[in-house]
Every structure is written in C-alpha cells, then in structure tokens.
Amino acid sequence: MALQIGVPKETAAGEKRVATVPDVVEKLIKLGFSVAVESGAGDAANFADDTYRAAGAEVVPSAADLWSKSDIVLKVRVPSAGEVSLLREGGTLIGFIWPAQNPELMQQLAARKATVLAIDALPRQLSRAQKMDALTSMAGVSGYRAVIEAANAFDRFFNGQITAAGKIPPAKVFVAGAGVAGLAAIGTAANLGAIVRANDTRAEVADQVVSLGGEFVRVDYEEEGSGGGGYAKVMSEGFLAAQRSMYAQQARESDIIITTALIPGKPAPKLITAEMVKSMKPGSVIVDMAAEQGGNCELTVPDQAVVVHGVTIVGYTDLVSRLAKQSSTLYATNLFRVTEELCKTKDGVIDVNMEDDAIRGLTVIKDGSITWPAPPLKLPAPPPKPNATAVVAPKAHGHGKGEPMSVKSLAMVFGIGALLFLLVGLYAPATFLTHFTVFVLACFIGYMVVWNVTPSLHTPLMSVTNAISSIIAIGALVQVAPPLTGGALNGPIDRPNTLILGLAVFGLALTAVNMFGGFAVTRRMLAMFRK
C-alpha cells in the first residue's frame, strides 16, 4: 500500500522554511505517495495552502493529526521532544538531525522504533550524492545572504565610483573560509564590485577563489588543511599563530569581514579577536556565519547585530530563512531526490537499502537501532602498477607510447617516404606533384600545431580549424563554375564532366556543414563563459 508523506509546520523560532513546495508535491505524487501538509506550513515562505491543494496535497488542520497519519515525515529543523512524541511508532523521519550534537534526540527517536535519515550525514564524497546534498544548497543561500546583510549594514557602496561629487573607493571584503558558503559570498561580493580577498586552510580552493574574482591570501606556514567531506580539519598551533597574524593584518585593511569557518562536531574556531575588531575602521562590518555554533568572532552575539568599537557585528543564525522561498525550493528538491532513491519502483513504498553507500550514510537509525556513524566508504582500489618487464621492453625497441623511435625505425620510415615521393615524381603529372607536395606539408604543419596544444583546448581549436580549413570550398566552386577559356568574357566555357561536377557539389555541401558547424560549436562554447 502506498505510504503517506507528511510535511509539518516548522516550530523552531524564526524558521520560515518548509520541507516541500507545491512543485515538488506533484513529483512525489508521481512516485506513488500521497502527501499531507499542515495548514500554514508554507505561509512564511509564501506558499499558501491553496497552492498545495492545487498540487494534489491534503491540507491537515493540526500538527497532531499530521504526525499521527503520516508514514514518512519531511522536516527542516531538528525535531523537538514534543514532535518526537507525535511521530508514529515505526515511522520514518527525513531532515536535519545532527546526530553528533544531539545524542539525547537519537535515543528518543530510537525509542519510537523509527527509521531516521539525517540529510546532514550524507556522504558528500560520492558524486551521485550531489543531487541530495542539502548542506551545499543551504550553504550557497547563506553565503549570498551574508553579503546582502553586510551591504545593508555598511555605510558605503560596494563598487568604486567617480562622480562629480567626488571619488568613492571600492569596499574591501575579506572572507574567512572558502567552502560552499564562502565561495558564494566571494562571488556575490565580487559581482557587487568589491575588492575581495579570501583565505582557507585547504590550499586546493585557491583556484576557485580566483575564478570567482577574489584574491587568495595565503598563510605563511606550510600545512595541508583538508579534512574530508568538504570540511577543513583542526590545524596545528604553529599554523594557527601564523593565521592569527594574517587575520590581524586583514582586519586592519578590510571594510567587511565574512567568517564561515566550521568544523563538524566542534565549536566554531575563534578567528577574529576583540583586538582585531578594535583595529578595524569605524563603520566596518563583520558577518559571522558561524554564530549558531558559538561564532568565529569573540564579540558575536547570536541572533543579534551589535555595534562594538564602531564595528557592526552581525550574528544572525537565520540567514537561510531570510530567503525562505528560494531555500525551501532547493531543500524540497534535495529531499525529493532522497525519496526518489528510496522509491525506485515508483509505487509509493520506500526501501532503505543499507547496501547503498549514499542511503547507508544518510541512515542514522534503522527500525529503532542506531546505525550512526556509518562505516568508512569503500573507495575503489588504485589501478595496478604496470609490470616492470612490460615497461622496459617497449623502451628497448622504441615502440612504447610517447617514446622516440629508434634510429633503425626512423630510417625505415624516411626510406619508405622517399620511395613514395620518387614514384610520384616519376609517374605523376607535374601539376599533381606540386599539389601533392603542398598537401603533405599542410598535413605535417597541421599535425604539429594540434599536437602541441593543451588537450583541454582541443575542442575549441578543432572547431575553429575545421571552419577555417573549409577553404576547400573555393576549389569546389571553381569546379562547379569553371573560368572562361581564352580570357574573354564571351569566350568558350570548359564544362566539367558529370562526375567531377557531382563530386564538387557534394564536397561543397559537406564543406558548408563543416564551416557553419565549426563556428556554431565555437559560439556555444564561448557562450558558456558569458553571463
């Protein structure tokens, strides 16, 4: 029998998001589920009850009714103790759980013999898990909103301007942490015209920062900071001392600081000290995106914007909810993808397959048994190293890939080539020999040009060269409309025979496709890099 999915109204203070939206309700129904939504669940995100009814959902008047009749409950925030008591025994809950930070909640859910899928426990290393990655979706929204809040509190333009009333310098923005949220903040601030600098303990994100229009500021200390799963790790004391020195300098120079540094299961690291805040220019702004976990700034007050030493410190913990409609739509899509993986048969019945790496990582409680943490992912084995003897043999004979030919092989190739030229020179007409020589040289030059191009540029290179090489169309046109003989305008015309005329027309048609296709492909590739 098809199961019912229930979507309650969020009870956490200040939470405006809803776990599903009308467009996704239609998709869930196509999977075979029935959907019930608590009345008013989407009001704060501008999704009225009537829009859910129009999508095919049932609107339930109270939370108690919804929880009691739903087999699967989709939520945004961690459920309260009261909501856990409403969960049907043996039911399924999907949403943010944060099992490491909420051990008591885990025990309460296990006592209800529930099956719980924590969207925050998704193994993000899996490429197929990206469509279900709500952490990334929400972090992108919060990074964008952090810049908007900074612009609201800042008392100048972000972009520099020169007006009749004077010159306005661009704002200087420093982003601490270049994860998903940090990268979203970097891109948004750069698009607003600010000078953006950023730092992260993971050196590999430097190119991403630069690609978004920022400048990567390195710490004068060599240590790798990748912690796996898209997060950073705890660094050594030597690195942290060098990092504090760099942050102190950036605080003095920057107008706006946005901090995003978080380590799973640990309080937010303190990056911006009270002394650094005091050194900032009056009117500067700090947006602390880690306020919910204690904050990256020593003076952050969660859920408030305070002014200290003339610096506005924004500690809002509801940045995602401040774009409720957008974030609800993204989150609903992530949960739909999870449901799609659970119901591959599209019959309204879920199968929590613990052999599936993505589902196993998500599942923190299965039928009342706590299964968190999931075992480490089984990474594919590295390719076997080639046999030493198999590598040596090609080198000795000069036949290995990328190895130069031996002197004997090279002499044979040149000998065969010289023999072919001799035969062509003895028996071919003089005009053919001239064209053949040009053809061979063109092939050689074309090969050397393409061979020395970076592989990543092969496609745009080939598309343009295909178009340019279509000068062959001129030859075909000459055959279709041959020149007049005798040099007179009214002289006799040397008509080609039917075979040559047919080949010329056919060649002209193929060349036209080559020309227009080459430029069309180039145009499409260039369009990918335009806004």
Side-chain angles (χ1 to χ4, degrees), residues 10-19 44-45 75-81 83 95-106 118-122 124 133-150 152-153 175-185 188 200 227 229-232 234 256-274 277 285-306 308 312-324 326-328 330-331 334 364:
E10 295 297 321
T11 58
E15 182 56 69
K16 299 178 181 178
R17 288 174 292 174
V18 61
K75 265 190 63 62
V76 179
R77 288 277 188 166
V78 174
S80 64
E83 289 175 317
F96 283 105
I97 301 298
W98 305 108
Q101 290 92 331
N102 298 294
E104 293 182 5
L105 173 65
M106 293 285 286
I119 199 71
D120 48 273
L122 179 74
R124 303 167 81 186
D133 190 359
L135 283 172
T136 295
S137 299
M138 298 301 100
V141 175
S142 62
Y144 170 85
R145 186 68 193 196
V147 176
I148 301 303
E149 294 295 336
N152 181 57
V175 180
V180 177
L183 292 173
T188 305
D200 196 283
Y231 293 101
V234 178
I256 296 169
I257 296 178
I258 298 174
T259 65
T260 70
L262 280 174
I263 297 171
K266 296 182 179 294
K270 299 299 180 185
L271 305 178
I272 308 299
T273 64
V277 175
V285 179
I286 297 174
V287 180
D288 193 341
M289 295 179 61
E292 194 167 9
Q293 301 298 326
N296 295 137
C297 177
E298 287 183 348
L299 303 178
T300 296
V301 179
D303 297 314
Q304 293 184 34
V306 297
V308 182
T312 302
I313 304 173
V314 179
Y316 299 148
T317 60
D318 62 343
L319 291 174
V320 180
S321 279
R322 289 172 181 248
L323 288 169
Q326 180 68 79
S327 53
S328 295
L330 294 173
Y331 183 68
N334 293 138
V364 295

Closest contact, heavy atoms only, [X] versus [Y]:
| X | Y | answer |
| --- | --- | --- |
| Gly315 | Ala291 | O-CB, 3.3 Å |
| Leu183 | Ala178 | CG-O, 3.6 Å |
| Pro79 | Leu105 | O-CD1, 3.8 Å |
| Ile258 | Ala146 | CG2-CB, 4.2 Å |
| Ala134 | Asn334 | CA-OD1, 3.2 Å |
| Ala324 | Ala44 | CB-O, 4.0 Å |

Side chains of [X] and [Y]: closer than 4.5 Å at any heavy-atom pair?
| X | Y | value |
| --- | --- | --- |
| Asp120 | Pro99 | yes |
| Met138 | Ile119 | no |
| Val277 | Ile272 | yes |

Drop me the distance from [X]'s [atom1] to [Y]'s [atom2], to the nearest 0.5 angstrom.
| X | Y | atom1 | atom2 | result |
| --- | --- | --- | --- | --- |
| Asp303 | Glu292 | CG | CD | 8.0 Å |
| Lys75 | Arg17 | NZ | CZ | 10.0 Å |
| Asp288 | Ile313 | CG | CD1 | 8.5 Å |
| Lys270 | Thr300 | NZ | OG1 | 6.5 Å |
| Thr312 | Glu149 | OG1 | CD | 11.5 Å |
| Arg322 | Ser327 | CZ | OG | 12.5 Å |

OH/Tyr316: more than 12 non-hydrogen atoms of other groups inside 6.0 Å: yes

Can any side-chain N or O of [X] pair as donor or acceptor with the backbone N or O of [Y] at less than 3.5 Å?
| X | Y | answer |
| --- | --- | --- |
| Thr259 | Asn296 | no |
| Glu10 | Arg77 | yes |
| Ser142 | Ala139 | yes |
| Thr273 | Cys297 | no |

Tell me every residue that passes ring pair (Phe, Tyr, Trp, His ring centres under 6.0 Å) with Phe96, counting only those two or more places apart in sequence or in another chain. Trp98, Tyr331

List in chain and number order the residues that pass side-chain hydrogen bond (donor to acceptor under 3.5 Å, both in side chains) with Ser321, two or more places apart in sequence or in another chain; answer none if no residue qualifies. Glu15

Output, in order, the C-alpha distance, side-chain angles, deciding distance and verdict of side chain to side chain contact (heavy atoms under 4.5 Å, CB included) for Val306 and Leu299. CA-CA 9 Å; Val306 297; Leu299 303 178; 5.9 Å; no

